[in-house]
There are 2 protein chains.
Amino acid sequence: MQTLSKNQQIIFDLIDKSPEPMKAYSILHNVQKKGIKAPLQVYRALDKLVEIGKIHKIESRNAFIACHNSSCQVSKATAFSICEICEKVTEISSASLSKYLTNFKDKDGMKYSKYNLEFFGLCKKCR
Amino acid sequence: MQTLSKNQQIIFDLIDKSPEPMKAYSILHNVQKKGIKAPLQVYRALDKLVEIGKIHKIESRNAFIACHNSSCQVSKATAFSICEICEKVTEISSASLSKYLTNFKDKDGMKYSKYNLEFFGLCKKCR
DNA sequence: TTACATAATGTTATATTATAACAATTTAAT
DNA sequence: ATTAAATTGTTATAATATAACATTATGTAA
Ligand SMILES: [Zn+2]
Ligand SMILES: [Zn+2]
Ligand SMILES: [Zn+2]
Ligand SMILES: [Zn+2]
């Protein structure tokens with residue numbers, strides 16, 4: 001549990017409080033009053049936060065959410081559900097899923113050190 | 001098996017022949033001699049080809065590969081392995097994996113209509 | 001085969017996402 | 001105190017993707 005730098009903390013707090021994934025330039029707009037003025041300052045903080053597992057990138061949406069799943073060790077194994085109507089994103093925390101994927105071997109017997117899984121469908125509200 | 005339009009066929013052929021995933025602007029450069037001059041022409045063909053399942057988008061790389069897996073019905077269920085050194089991408093065709101993920105239900109019992117899974121590791125050559 | 005709807009194309013402009021390059025400052029460990 | 005590593009600040013630019021509008025081609029049904 002390392003301490004975050006000033007920019008990292010500001011940006012993490014913002015993402016952590018957001019009910020939905022946040023995009024980089026939306027983050028930028030929200031932190032300009034706190035002195036973070038340039039895209040690069042945002043992207044650098046995002047890179048670090050992803051690296052240490054505090055946030056995840058939703059690749060299909062180019063957006064970021066805070067990790068609320070202590071079992072996904074440093075972002076090596078991530079799974080999300082995404083509603084195709086309202087765009088609600090939830091991190092999936094399933095021991096059996098992560099066990100299955102962590103142990104998955106392909107045809108050549110290769111095991112992978114990392115994965116990202118994105119499920120799509122309709123959330124409760126949108127069904 | 002529908003017939004492709006002119007632009008769609010040109011762009012599919014290029015991607016299909018490529019040994020590696022192709023990015024949109026690399027595609028554009030490669031088809032300019034064939035009269036496709038604008039990004040939008042490329043993106044429109046890519047959108048359609050993805051929609052009908054002839055190609056897939058590798059979300060973490062913003063790149064496209066041809067589908068060589070008849071069992072992934074119209075791109076609703078895709079899985080790839082990605083080498084983090086040489087960026088080689090392979091479509092994974094595993095009946096047990098697709099069965100597991102297609103039947104996966106989250107905590108609320110929700111089933112998903114679609115998923116995309118990207119595994120990361122080192123390919124044979126790079127290990 | 002005309003009429004109509006749908007799909008695809010062509011074109012210009014612009015929006016969105018992300019990194020390069022370089023200088024300065026802060027932090028943490030000797 | 002010295003030094004290395006990490007972080008910050010700043011400007012410019014690269015890479016990825018869509019909006020808006022006009023035109024042309026294709027398929028379907030009276
Ligand atoms: Zn997580
Ligand atoms: Zn929803
Ligand atoms: Zn496929
Ligand atoms: Zn490799």
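Every chain is numbered from 1 and lettered A, B, ... according to where its sequence line falls, protein lines coming before strand lines. What you see below is based on every heavy atom in this structure, not just the backbone, and it leaves out hydrogens, waters and symmetry mates. Since we're looking at a predicted model, the values are computed, not measured.
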Roughly, in whole Å, what's the span from [atom1] in [X] to [atom2] in [N]?
X: B/Leu46; N: C/dA8; atom1: CG; atom2: C1'; answer: 15 Å
X: B/Lys57; N: D/dA17; atom1: NZ; atom2: P; answer: 4 Å
X: A/Gln9; N: D/dT8; atom1: CD; atom2: P; answer: 11 Å
X: B/Gln41; N: D/dA19; atom1: CD; atom2: P; answer: 17 Å
X: A/Lys37; N: D/dT8; atom1: NZ; atom2: P; answer: 15 Å
X: A/Leu4; N: D/dA6; atom1: CG; atom2: P; answer: 15 Å
X: B/Lys34; N: C/dG10; atom1: NZ; atom2: P; answer: 14 Å
X: A/Ile27; N: C/dA18; atom1: CD1; atom2: C1'; answer: 13 Å

OP1 or OP2 of [N] less than 4.0 angstrom from a side-chain nitrogen or oxygen of [X], does that happen here?
X: A/Gln8; N: D/dT7; answer: yes
X: B/Ser5; N: C/dT9; answer: yes
X: B/Lys48; N: C/dA8; answer: yes
X: B/Tyr25; N: D/dT16; answer: no

Counting heavy atoms from C-beta on, name the nucleotide in [options] closest to the side chain of [X].
X: A/Arg44; options: D/dC21, C/dT19, D/dG9; value: D/dG9
X: A/Lys6; options: D/dG9, D/dA20, C/dT9; value: D/dG9
X: B/Asn7; options: D/dG9, C/dT9, C/dA18; value: C/dT9
X: B/Tyr43; options: D/dT16, D/dT7, C/dA18; value: D/dT16
X: B/Asn62; options: C/dA18, D/dT8, D/dA17; value: D/dA17

Write down the atom of A/Arg127, the atom of A/Leu122, and the distance for their closest heavy-atom approach.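 Of all heavy-atom pairs spanning A/Arg127 and A/Leu122, the closest is NE-O, 3.3 Å.
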Extract from the structure each pairing of a protein N or O with an N or O of nucleotides 24-29 of chain C at less than 3.5 Å, listing the distance.
none

Find which nucleotide of DNA chain C each of B/Ala38 and A/Lys23 is nearest to by heavy atoms, and output the residue with the more 5' nucleotide.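 Whichever sits nearer the 5' end wins; that is B/Ala38.
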How long is the straight-line distance from NZ of A/Lys54 back to CD1 of A/Ile15, given to the nearest 0.5 Å?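 Rounded to the nearest 0.5 Å, the CD1-NZ separation comes out at 11.0 Å.
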Name the nucleic acid region contacted by A/Ile36, choosing base, sugar-phosphate or nothing; use a 4.0 angstrom heavy-atom cut-off, strictly under.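 The residue A/Ile36 makes no contact with any strand.
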Under a 3.5 Å cutoff, is there a donor and acceptor pairing between the side chains of [X] and [Y]?
X: B/Tyr115; Y: B/Ser98; result: no
X: A/Ser60; Y: B/Glu59; result: no
X: A/Gln9; Y: A/Asn7; result: no

Would you call A/Glu87 and A/Arg61 a salt bridge, taking side-chain N to carboxylate O under 4.0 Å as the test?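 Here A/Glu87 pairs with A/Arg61 in a salt bridge, since their nearest N and O are under 4.0 Å apart.
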Close aromatic pair by centroid cut-off 6.0 Å: A/Phe119 and B/Phe104: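 They qualify: ring centres under 6.0 Å apart.
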Single-linkage hydrophobic cluster A/Leu46~A/Leu14, side-chain heavy atoms < 4.5 angstrom: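 Shared cluster, yes.
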